[in-house]
Amino acid sequence: QVQLVESGGGLVQAGDSLSLSCAVSGGTFGTYIMGWFRQAPGKERDFVAYITWTGARTYYADSVKGRFTISRDYAKNTVYLQMNSLKSEDTAVYYCAASARGGVLVTPERYDYWGQGTQVTVSL
């Protein structure tokens, strides 16, 4: 049973930084493409970023490009999302996800395992 546990969410002001973590257990971390999604109230779950098996390639949504950085630590079986220059529109529940598939992984249905989510609130 693969489990993903996010942490690091909270309340920050616009312009601040925040780092999210997602610890993966029960599976082989290096065989998963890891992604981050977010969901604001009343909206669909949107893609934020993903990182490939080796960490050699990353991909970002246009809305976060240049502000967010995804990375992974194989020794800790953990994926991170460093968020800088936060805006009020970044407010959402952030979800970590793991995919055993290949291809373009920017939609939720391409992912096999999900965390419970962590709330990020950015005030003006």
Side-chain angles (χ1 to χ4, degrees):
Q1 181 79 11
V2 178
Q3 292 188 321
L4 286 69
V5 179
E6 301 100 333
S7 61
L11 172 63
V12 296
Q13 293 185 328
D16 285 351
S17 298
L18 201 61
S19 181
L20 305 182
S21 300
C22 172
V24 180
S25 61
T28 305
F29 183 65
T31 64
Y32 299 120
I33 290 175
M34 299 300 302
W36 286 96
F37 286 74
R38 65 187 182 186
Q39 188 167 18
K43 296 189 176 181
E44 294 184 348
R45 191 167 297 190
D46 291 332
F47 168 75
V48 174
Y50 76 74
I51 186 166
T52 56
W53 300 277
T54 64
R57 288 174 51 219
T58 56
Y59 190 81
Y60 298 92
D62 287 343
S63 59
V64 306
K65 201 172 295 183
R67 299 188 298 123
F68 291 10
T69 303
I70 188 171
S71 61
R72 62 192 300 167
D73 185 330
Y74 296 89
K76 297 181 178 179
N77 285 1
T78 299
V79 62
Y80 303 96
L81 185 68
Q82 176 65 41
M83 304 184 293
N84 298 329
S85 302
L86 282 161
K87 306 175 181 179
S88 58
E89 51 263 45
D90 294 319
T91 294
V93 177
Y94 282 70
Y95 295 91
C96 172
S99 176
R101 316 175 196 210
V104 179
L105 298 173
V106 298
T107 54
E109 58 268 22
R110 299 290 294 168
Y111 288 78
D112 303 292
Y113 306 101
W114 291 86
Q116 81 288 350
T118 185
Q119 177 70 47
V120 172
T121 303
V122 184
S123 64
L124 292 171

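The shown structure was predicted, so the numbers you read here are calculated from the model rather than taken from an experiment. Only heavy atoms go into these numbers, but all of them, side chains included; no hydrogens, no water, no symmetry mates.
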Hphob cluster co-occupancy, [X] + [Y], side-chain heavy atoms under 4.5 angstrom:
| X | Y | value |
| --- | --- | --- |
| Tyr80 | Ile51 | no |
| Val93 | Phe68 | no |
| Val24 | Ile70 | yes |

So which heavy atom on [X] is nearest to which on [Y], and how close?
| X | Y | result |
| --- | --- | --- |
| Glu6 | Tyr95 | OE2-CA, 3.3 Å |
| Thr78 | Ser21 | CG2-CB, 4.2 Å |
| Ser85 | Ser17 | N-OG, 4.3 Å |
| Leu18 | Gly10 | CD2-N, 3.9 Å |

Supply the atom-to-atom distance [X] [atom1] to [Y] [atom2], rounded to the nearest 0.5 angstrom.
| X | Y | atom1 | atom2 | value |
| --- | --- | --- | --- | --- |
| Arg67 | Tyr60 | CZ | OH | 12.0 Å |
| Gln82 | Leu20 | CD | CG | 8.5 Å |
| Thr28 | Asn77 | OG1 | CG | 9.0 Å |
| Met34 | Leu81 | CE | CG | 11.5 Å |
| Ser123 | Gln13 | OG | CD | 5.0 Å |
| Leu4 | Tyr32 | CG | OH | 9.0 Å |

Using the salt bridge (Lys or Arg N to Asp or Glu O under 4.0 Å) rule, collect all pairs that involve residues 114-124, keeping only residues at least two apart or in two chains.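 Listed by first then second residue: nothing to list.
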Does the ring center of Tyr50 lie less than 6.0 Å from the ring center of Tyr59?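 Yes; Tyr59 has its ring centre under 6.0 Å from that of Tyr50.
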Has Lys43 got more than 12 heavy atoms of other residues, nucleotides or ligands less than 6.0 Å from its NZ?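 12 or below, so no.
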Does Glu109, at its CD atom, have more than 12 non-hydrogen atoms belonging to other residues, nucleotides or ligands within less than 6.0 Å?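 Yes.
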Side-chain ([X]) to main-chain ([Y]) donor-acceptor, under 3.5 angstrom:
| X | Y | result |
| --- | --- | --- |
| Ser88 | Leu124 | no |
| Arg45 | Thr107 | no |
| Tyr74 | Thr54 | yes |
| Thr91 | Val122 | yes |
| Trp53 | Thr31 | yes |
| Arg72 | Thr52 | yes |
| Gln39 | Ala92 | no |
| Tyr111 | Leu105 | yes |

What orientation do Phe37 and Phe47 show, parallel under 30°, tilted 30 to 60°, or perpendicular over 60°?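 Rings of Phe37 and Phe47: perpendicular, over 60°.
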Heavy-atom side-chain proximity of Arg101 to Ile33 below 4.5 angstrom: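 No. Closest side-chain heavy atoms not under 4.5 Å.
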Stepwise salt bridge (Lys or Arg N to Asp or Glu O under 4.0 Å) test for Asp62 and Lys65: CA-CA 5 Å; Asp62 287 343; Lys65 201 172 295 183; 3.1 Å; yes
The test is side chain to side chain contact (heavy atoms under 4.5 Å, CB included); show your working for Trp36 and Cys96 and say whether it passes. CA-CA 5 Å; Trp36 286 96; Cys96 172; 3.9 Å; yes
Could you walk me through whether Asp90 and Arg38 pass the side chain to side chain contact (heavy atoms under 4.5 Å, CB included) check? CA-CA 9 Å; Asp90 294 319; Arg38 65 187 182 186; 2.8 Å; yes
